[in-house]
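For reference, the structure is listed below as structure tokens.
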Amino acid sequence: MTHHLPKAVVLSSGGIDSTTAMAIAINRGFAVYSLSFSYGQRHHMELAAAEKVAAHAGAEKHLIIETGLNVIGGSALTDDIAVPDAADHTENEIPVTYVPARNTIFLSYGLAWGETLGASDIFIGVNSVDYSGYPDCRPEYIAAFETMANLATKAGVQGQTRITIHTPLIHMTKADIIKTGISLGVDYGITLSCYNPSPSGLACGRCESCVIRRQGFHDVGADDPTRYVEA
């Protein structure tokens with residue numbers, strides 16, 4: 001029964017990476033608590049996907065927190081800035097889809113919820129291989145946050161537990177991630193990765209997230225269940 005299992009908070013966007021990270025957490029023996037954010041993203045339909053993912057995975061609870069990062073702006077995902085096509089991305093340049101301090105904010109909420117739940121483990125699906133060059137997806141960032149987490153929490157300071165930030169996908173290619181998820185029974189048909197979906201929820205097929213996702217399925221030799229606009 002799940003109440004005997006250790007608890008883990010899993011940050012979930014409803015996309016491929018976070019969904020696979022959740023499946024890995026369950027496979028490792030954790031009872032998962034899914035955490036998503038309504039942060040003013042233009043692709044807010046990801047929240048419906050995250051709900052489906054949590055239900056499909058049998059999460060103990062799925063919590064959505066309002067953060068309103070669109071008030072700050074500064075990103076094509078939260079501001080009136082066009083989402084670029086993948087072909088427009090310049091190598092070694094952080095794209096305009098980067099949301100300032102997003103993972104720091106999200107992990108902080110995960111840390112707070114984890115303390116309340118008595119969970120010392122947080123899973124996040126960051127990746128440093130097939131990604132857009134976001135600074136808050138790098139291993140050194142995660143290591144620094146984990147150090148901070150153990151200095152900034154009651155549980156960490158009192159030595160009750162050690163906070164661990166799990167990044168099981170961080171060195172995987174997108175193909176490796178998809179292959180892992182398929183082996184764990186992930187239904188990628190309920191996930192959404194697109195940065196700029198249509199009003200009906202169809203993926204644009206042109207943004208970097210769509211292109212990386214599509215290539216991943218191609219490399220695995222698996223059918224891509226994504227519904228794209230051009231189809």
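Small disclaimer: the values here were computed from a predicted structure and weren't measured.
- To the nearest 0.5 Å, atoms OH (Y98) and CG (N103) are separated by 8.5 Å.
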Verdict with reasoning, S75 to R102, per side-chain hydrogen bond (donor to acceptor under 3.5 Å, both in side chains): CA-CA 10 Å; S75 167; R102 180 174 61 178; over 6 Å; no

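- Here the shortest heavy-atom pairing between E60 and A31 reads CG-CB, 3.9 Å.
- Contact between A203 and C210 at its shortest, heavy atoms only, is CB-SG, 3.7 Å.
- Separation of atoms OG1 (T167) and CD1 (I24) is listed at 10.0 Å; rounding is to 0.5 Å.
- Closest non-hydrogen pair, R213 versus P225, comes out as NH2-CG, 4.5 Å.
- Considering only heavy atoms from C-beta on, M172 stays 4.5 Å or farther from T20 through its side chain.
- Smallest separation of non-hydrogen atoms from S120 and T161: CB-OG1, 3.0 Å.
- The other members of the hydrophobic cluster of I64, by chain and number, are L47 (side-chain heavy atoms under 4.5 Å, ILVMFWY only).
- Side-chain contact of T226 with Y188: a donor-acceptor pair under 3.5 Å is absent, judged by distance alone.
- Contact of the N196 side chain with the R42 side chain is registered, since non-hydrogen atoms from C-beta on lie closer than 4.5 Å.
- In plain terms, the two heavy atoms of H56 and G185 that are nearest each other are CE1-O, 3.8 Å.
- Transitive grouping of hydrophobic side chains (ILVMFWY, heavy atoms separated by less than 4.5 Å) keeps V211 and L192 in distinct clusters.
- In terms of heavy atoms, S108 sits closest to F145 at N-CZ, 3.7 Å.
- Counting only heavy atoms from C-beta outward, the side chains of R28 and H166 approach each other to under 4.5 Å.
- Distance alone, capped at 3.5 Å, is enough to place a donor-acceptor pair between the N127 side chain and the V129 backbone.
- Defined by atom type and a distance below 3.5 Å, a donor-acceptor pair is present between the side-chain atoms of S36 and H62.
- Y195 and L11 end up in the same hydrophobic cluster when Ile, Leu, Val, Met, Phe, Trp and Tyr side chains are linked at under 4.5 Å.
- The hydrophobic cluster containing L77 does not contain M45, counting ILVMFWY residues as joined when their side-chain heavy atoms lie under 4.5 angstrom apart, directly or transitively.
- The aromatic rings of Y33 and W113 stand perpendicular to each other, their planes meeting at an angle above 60°, with 30° marking the opposite boundary.
- Taking hydrophobic clusters as Ile, Leu, Val, Met, Phe, Trp and Tyr residues chained together by side-chain heavy-atom distances below 4.5 Å, Y141 shares a cluster with Y109.
- Grouping the Ile, Leu, Val, Met, Phe, Trp and Tyr side chains by contacts below 4.5 angstrom, directly or via other members, places V83 with I94.
- Using a cut-off of 4.0 Å between Lys/Arg side-chain N and Asp/Glu carboxylate O, D17 and K174 are scored as salt-bridged.
- The shortest distance between side-chain heavy atoms of D219 and T173 does not fall below 4.5 Å.
- Separation of atoms NE2 (H218) and CD (Q215) is listed at 6.0 Å; rounding is to 0.5 Å.
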Residues T97, Y134; criterion side-chain hydrogen bond (donor to acceptor under 3.5 Å, both in side chains); working and verdict: CA-CA 9 Å; T97 50; Y134 301 147; 2.6 Å; yes

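- Interatomic distance, CD1 of I163 versus CG of L107, reported as 12.0 Å (0.5 Å rounding).
- Judged by distance alone, the side chain of T116 and the main-chain N or O of A112 form a donor-acceptor pair under 3.5 Å.
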Intermediate values then yes/no, side-chain contact (heavy atoms from CB on, under 4.5 Å), I72 and T78: CA-CA 8 Å; I72 297 173; T78 59; over 6 Å; no

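- Distance check: T104 OG1 to D136 CG gives 6.0 Å after rounding to the nearest 0.5 Å.
- Inter-residue side-chain proximity for Y228 and C194 is flagged as unmet; no heavy-atom pair is nearer than 4.5 Å.
- Interatomic distance, OG of S128 versus CG of L169, reported as 10.0 Å (0.5 Å rounding).
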